[in-house]
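The figures that follow rest on heavy atoms only: side chains count, while hydrogens, waters and symmetry mates do not.
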Amino acid sequence: VMTVFWIVKATFSNPAASNQLVISCPEVVSGGETITCNVYANVVDTTVLSVNANYQFDDVITYKNFTIDNNSNLELYTSSENGFAVVSMNGITEDTLIGFLELTISDDVQPSTSYNIEFTNVEYSDSEYQMISLENSNTVIRTKNDIATLDNITVDGYTLNETFDKNVMDYTTTVNT
């Protein structure tokens with residue numbers, strides 16, 4: 001008796017990536033904090049010679065600085081509270097960390113509130129010196145919640161020796177050994 005097994009070999013992949021500018025910021029922030037967001041150029045099937053974009057922030061977010069990644073082959077052409085432009089004489093041909101956007105969060109932010117950070121008017125210049133308009137890119141940050149109290153505490157299978165009180169910090173339980 002002879003048995004034959006056919007093994008089907010397949011390749012699975014994510015949907016095709018696209019050229020885009022990506023911003024990555026801390027998800028949770030506090031009022032008065034200065035945060036640093038990483039800015040990436042995702043590059044597909046082209047050579048990018050320059051990247052530029054404008055910023056758009058909610059009112060509680062203030063531009064502080066934009067710097068390029070020192071390990072890249074990029075040069076900072078311009079940077080201001082309105083946006084940035086970087087240039088690469090060698091060209092960017094793969095996903096690349098472009099730089100760092102520093103932002104300050106206002107002291108008077110509302111707790112547990114989401115705020116938007118967006119790149120608008122995003123453009124790449126390709127090796128033929130043609131401008132390629134890209135989709136706007138954004139991320140959302142959320143402020144920390146200022147409520148730090150418990151309304152209950154339990155230990156599965158055991159009883160606390162003390163009655164719960166939200167102002168009590170220490171509890172004990174008895175465990176048979």
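The distance from the CD atom of Gln56 to the CD1 atom of Ile61 is 11.0 Å, given to the nearest 0.5 Å. Here Ile92 contributes atom CD1 and Ser125 contributes atom OG; the two are 10.5 Å apart, rounded to the nearest 0.5 Å. Rounded to the nearest 0.5 Å, atoms CD (Glu81) and CG (Asn54) are 11.0 Å apart. With values rounded to the nearest 0.5 angstrom, Asp126 atom CG is found 4.5 Å from Ile132 atom CD1. Remark: Glu162 CD to Asp170 CG distance equals 8.5 Å, nearest 0.5 Å. Between atom CE of residue Met89 and atom CG of residue Asn73 there is a gap of 10.5 Å, rounded to the nearest 0.5 Å.
Take Ser80 and apply the side chain to side chain contact (heavy atoms under 4.5 Å, CB included) test, not counting sequence neighbours, and it matches Asn82. Phe66 is linked by a ring pair (Phe, Tyr, Trp, His ring centres under 6.0 Å) to Phe84, counting only residues two or more places apart in sequence or in another chain. In terms of the side chain to side chain contact (heavy atoms under 4.5 Å, CB included) criterion, residue partners of Glu102 (sequence neighbours excluded) are, by chain and number, Thr34, Thr36, Lys64, Asn65.
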* Between Asn136 and Thr120, does a side chain to side chain donor-acceptor pair (under 3.5 Å) hold up when you go through it step by step? -> CA-CA 5 Å; Asn136 290 353; Thr120 62; 5.3 Å; no
* Apply the test side-chain contact (heavy atoms from CB on, under 4.5 Å) to residues Tyr171 and Thr154: give CA-CA distance (whole Å), side-chain angles for both, the deciding distance (0.1 Å), then the verdict. => CA-CA 10 Å; Tyr171 292 91; Thr154 62; over 6 Å; no
* To do: Check the pair Ile68, Phe100 against side-chain contact (heavy atoms from CB on, under 4.5 Å), reporting the backbone distance first and the verdict last.
  => CA-CA 6 Å; Ile68 59 170; Phe100 311 98; over 6 Å; no
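With contacts defined as side-chain heavy-atom distances shorter than 4.5 Å, the pair Thr172/Leu160 does not qualify. Under the 4.5 Å side-chain criterion, counting only non-hydrogen atoms from C-beta, Val43 is in contact with Asn19. Here the side chains of Val51 and Ile98 are in contact, with some heavy-atom distance below 4.5 Å. At a threshold of 4.5 Å between non-hydrogen side-chain atoms, the residues Met131 and Asn52 count as touching. In this structure, Val175 and Tyr158 have side chains that are in contact, with non-hydrogen atoms separated by less than 4.5 Å. Between Ser114 and Val140, some side-chain heavy-atom pair lies under the 4.5 Å cut-off. Contact annotation: the side chain of Ile117 approaches that of Leu103 to within less than 4.5 Å [non-hydrogen atoms, C-beta and beyond]. Between Tyr124 and Leu49 the shortest side-chain heavy-atom distance does not fall below 4.5 Å.
Both Ile35 and Ile23 belong to a single network of hydrophobic side chains, linked directly or stepwise wherever heavy atoms of I, L, V, M, F, W or Y lie under 4.5 Å apart. Both Tyr63 and Val86 belong to a single network of hydrophobic side chains, linked directly or stepwise wherever heavy atoms of I, L, V, M, F, W or Y lie under 4.5 Å apart. Both Leu76 and Leu21 belong to a common hydrophobic cluster when Ile, Leu, Val, Met, Phe, Trp and Tyr are linked at side-chain heavy-atom distances under 4.5 angstrom. Hydrophobic clustering (side-chain heavy atoms under 4.5 Å, transitive across Ile, Leu, Val, Met, Phe, Trp, Tyr) keeps Val22 apart from Tyr55. Note on Ile105: it clusters hydrophobically with Phe57, by side-chain heavy-atom contacts below 4.5 Å among ILVMFWY residues.
Donor-acceptor pairing under 3.5 Å is lacking for the side chains of Tyr115 and Thr139. Donor-acceptor pairing under 3.5 Å is recorded for the side chains of Asn138 and Asn116. There is a side-chain donor-acceptor pair under 3.5 Å between Ser106 and Asp108.
Thr113 contributes a side-chain N or O that, together with a main-chain N or O of Pro111, makes up a donor-acceptor pair within less than 3.5 Å.
Among pairs with a residue in residues 91-125, none fulfils disulfide (SG to SG under 2.5 Å), at least two apart in sequence or across chains. Residues in residues 23-116 take part in these disulfide (SG to SG under 2.5 Å) pairs, two or more places apart or across chains: Cys25-Cys37. For residues 38-48, every residue pair satisfying the side chain to side chain donor-acceptor pair (under 3.5 Å) rule, not counting sequence neighbours, is listed here: Asn38-Tyr40.
Across all their heavy atoms, Ser72 and Asp69 have their closest contact at OG-O, 2.7 Å.
Few gaps surround CG on Asn161; more than 12 heavy atoms of other groups in view lie less than 6.0 Å from it.
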